[in-house]
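Beneath this line is the structure, given in structure tokens, with notes to follow.
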Number of protein chains: 2
Amino acid sequence: MSSIPPTVPELAPPLAAGGLPAPAFSPLYQQIKGLLLQSLESGEWKPGESIPSEMDLAARFRVSQGTVRKAIDELASENLLVRRQGKGTFVATHAEQHVQYRFLKLMPDRGDADTEGPAERRIIDCRSSRASAEVARALGLRSGESVIQARRVLAFRGVPTILEDLWLPGVTFKGLTAQQMSDYPGPTYAMLELEFGVRMVRADEKIRAVLPDAEQSTLLQVTPATPLLSVVRTSYTYNDVPMELRRGLYRTDTHHYRNELS
Amino acid sequence: MSSIPPTVPELAPPLAAGGLPAPAFSPLYQQIKGLLLQSLESGEWKPGESIPSEMDLAARFRVSQGTVRKAIDELASENLLVRRQGKGTFVATHAEQHVQYRFLKLMPDRGDADTEGPAERRIIDCRSSRASAEVARALGLRSGESVIQARRVLAFRGVPTILEDLWLPGVTFKGLTAQQMSDYPGPTYAMLELEFGVRMVRADEKIRAVLPDAEQSTLLQVTPATPLLSVVRTSYTYNDVPMELRRGLYRTDTHHYRNELS
DNA sequence: TAGTGGTCTAGACCACATA
DNA sequence: ATGTGGTCTAGACCACTAC
């Protein structure tokens with residue numbers, strides 16, 4: 001039989017472009033995904049902007065459109081990119097109209113988040129501070145390193161419902177003020193994208209039932225005997241770098257934390 | 001110019017096989033996905049078994065392997081199927097070795113779920129009953145219809161940690177006994193697969209912080225002032241048919257509910 | 001009309017598992 | 001050695017969006 005020549009094209013030095021493709025022997029589309037991640041991380045494409053078309057990227061990386069597509073598919077499934085048919089592929093942002101408060105899973109018992117309108121925010125405190133051992137561990141810092149610490153109350157329809165404490169690495173978020181947190185009319189994560197170029201792409205939460213201390217119960221206007229949900233969240237930017245520690249106390253008499261399992 | 005004939009093959013009456021492919025004009029791979037779902041639902045392939053190879057399925061449905069692959073990809077991403085390279089594609093089951101207790105998100109604060117060993121179960125109650133309005137709504141029944149109601153305590157290392165109340169549609173789970181629940185050495189969901197052929201593929205949870213009543217605090221051996229996590233779960237089998245309502249009370253002094261956001 | 005992502009096909013080769 | 005799923009390519013057509 002006549003042997004058919006392999007279909008593999010002369011694939012020039014595979015990915016001569018700078019940047020080490022992770023484990024060196026991963027599938028091509030994984031390497032492409034890594035390169036796309038680098039471009040996202042470096043800010044080549046900013047939140048809300050569109051990235052080049054699949055064809056353009058295929059030409060740039062010297063691979064087929066299908067390979068680029070598979071890389072983009074994974075990034076889209078991880079919520080880093082958003083595809084819009086006929087328009088292009090866009091860098092995900094916390095400032096989206098219809099996915100606002102992506103990380104907030106507290107829902108009103110009656111009605112839905114949309115009809116409830118945006119939360120009213122009251123900033124209690126926002127100051128530069130030193131990382132405790134616990135905060136340092138969560139943020140990948142050393143104890144005593146600079147952090148921005150903030151406390152605020154979120155209210156829905158005038159009812160204080162969430163008390164939040166935030167800790168952010170001081171070196172990255174230097175200059176963040178209560179004014180900024182209070183002024184921006186949207187998710188804080190969207191403000192951090194805009195003002196500091198840091199995007200939270202993933203988070204872990206540890207949830208417990210607790211009783212508030214005196215100060216907490218006062219701020220939430222509940223009795224100290226009211227059980228509350230404690231939600232400790234660590235948020236990560238690209239490459240699993242922790243960028244925020246947040247502790248929320250949620251009232252769950254009018255709201256509930258909604259989760260989907262599969 | 002010479003016009004090139006279209007690449008579309010003579011695709012026989014598209015999917016003459018019985019069963020209405022949802023909205024009639026969905027993508028081919030979605031229709032294939034629907035047919036695969038029917039086979040899963042009808043029990044043609046049972047939990048833990050392998051399904052036919054992609055090539056076989058492609059021949060059966062008269063489509064290309066790539067189209068079958070995309071259908072399987074989606075079912076795998078929804079945890080209905082599990083791919084194993086070199087071996088085949090398998091029907092997911094709650095009896096898996098390494099994904100036991102898929103729906104249980106309560107983790108020990110120190111160590112991990114593996115080192116903790118399996119939970120000890122104590123069945124408090126298991127009897128036939130009538131659906132209250134609330135239970136009926138959750139299970140898609142009418143008030144007063146037959147339900148199996150059960151209550152049990154799960155302990156880790158001898159410490160009672162979870163108090164669960166379960167409600168199951170009586171017509172589907174007729175004959176379920178405390179003995180069965182107690183004897184089966186694994187997740188209850190695996191037992192329900194084996195004994196009743198019902199597989200839970202998805203669930204919703206509503207989480208709150210609550211205080212236990214007298215009976216609950218006794219069963220969990222905590223004071224009535226101990227805040228607990230209330231986790232109300234509705235579990236669904238194929239086609240979003242609700243098949244279980246479960247309310248868990250979790251102690252969160254030694255454990256926490258872990259969630260990942262993206 | 002042109003450009004984008006979405007679907008579908010076809011065929012080749014690779015990596016892994018089993019016999 | 002054989003069969004499975006995994007990767008990669010290539011090209012065609014479809015559906016949506018904007019101009």
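Labels below follow one simple rule: chain letters A, B, ... track the order of the sequence lines, proteins then strands, and each chain is numbered from 1.
Residue Glu54(A) contributes atom CD, which lies 15 Å from atom P of dA10(D) at whole-angstrom precision. Between the P atom of dC8(C) and the CD atom of Gln65(A) lies a distance of 15 Å, rounded to the nearest Å. At whole-Å resolution of the value, CD in Gln30(B) and C1' in dA15(D) are 15 Å apart. Between Met55(B) atom CE and dG6(D) atom P the separation is 15 Å, expressed in whole Å. Residue Leu81(A) contributes atom CG, which lies 15 Å from atom C1' of dT4(C) at whole-angstrom precision. Look at CZ on Phe90(A): it is 11 Å from P on dT17(D), rounded to the nearest Å. The distance from atom CG of Leu57(A) to atom P of dG5(C) is 8 Å, rounded to the nearest whole Å. Put simply, CD1 on Ile72(A) is 13 Å from C1' on dG6(C), counting in whole angstrom units.
Residue Thr234(A) holds its OG1 atom at 7.5 Å from NZ of Lys206(A), rounded to the nearest 0.5 Å.
Between dC8(D) and Thr67(A), no contact under 4.0 Å exists linking OP1 or OP2 to a side-chain N or O. Within the 4.0 Å cut-off from OP1 or OP2 of dG6(D), at least one side-chain nitrogen or oxygen of Arg83(B) is found. Note on Ser64(B): every side-chain N or O is 4.0 Å or more away from OP1 and OP2 of dA10(C). In terms of phosphate contacts, Lys70(B) brings no side-chain nitrogen or oxygen within less than 4.0 Å of OP1 or OP2 of dC8(C).
Among the atoms of the strands shown, base atoms are found under 4.0 Å from some heavy atom of Gln85(A).
For dG5(D), the base has no donor-acceptor partner in the side chain of Arg69(B) [N/O atoms by modelled type, under 3.5 angstrom].
Between Asp204(A) and Arg202(A) there is a salt bridge, since at least one side-chain N of the basic residue sits less than 4.0 Å from a carboxylate O of the acidic one. In this structure, Lys70(B) does not pair ionically with Glu54(B), as no charged nitrogen and carboxylate oxygen lie closer than 4.0 Å.
Checking Ile51(B) against Gly66(A), the closest nucleotide of DNA chain D that is more toward the 5' end is the one next to Ile51(B).
Closest approach to the Lys87(A) side chain among dA10(C), dC8(D), dA18(D) is made by dA18(D) (side chain taken as heavy atoms from C-beta onward). Listed nucleotides dC8(C), dG5(C), dC8(D) differ in distance to Thr89(A); the shortest reach to its side chain belongs to dG5(C).
A cation-pi arrangement, defined by a distance under 6.0 Å to the six-membered ring centre and an angle within 45 degrees of its axis, is present between Arg84(B) and Phe90(B).
At distances below 3.5 Å, at least one donor-acceptor pair connects side-chain atoms of Glu193(A) with backbone N or O atoms of His94(A).
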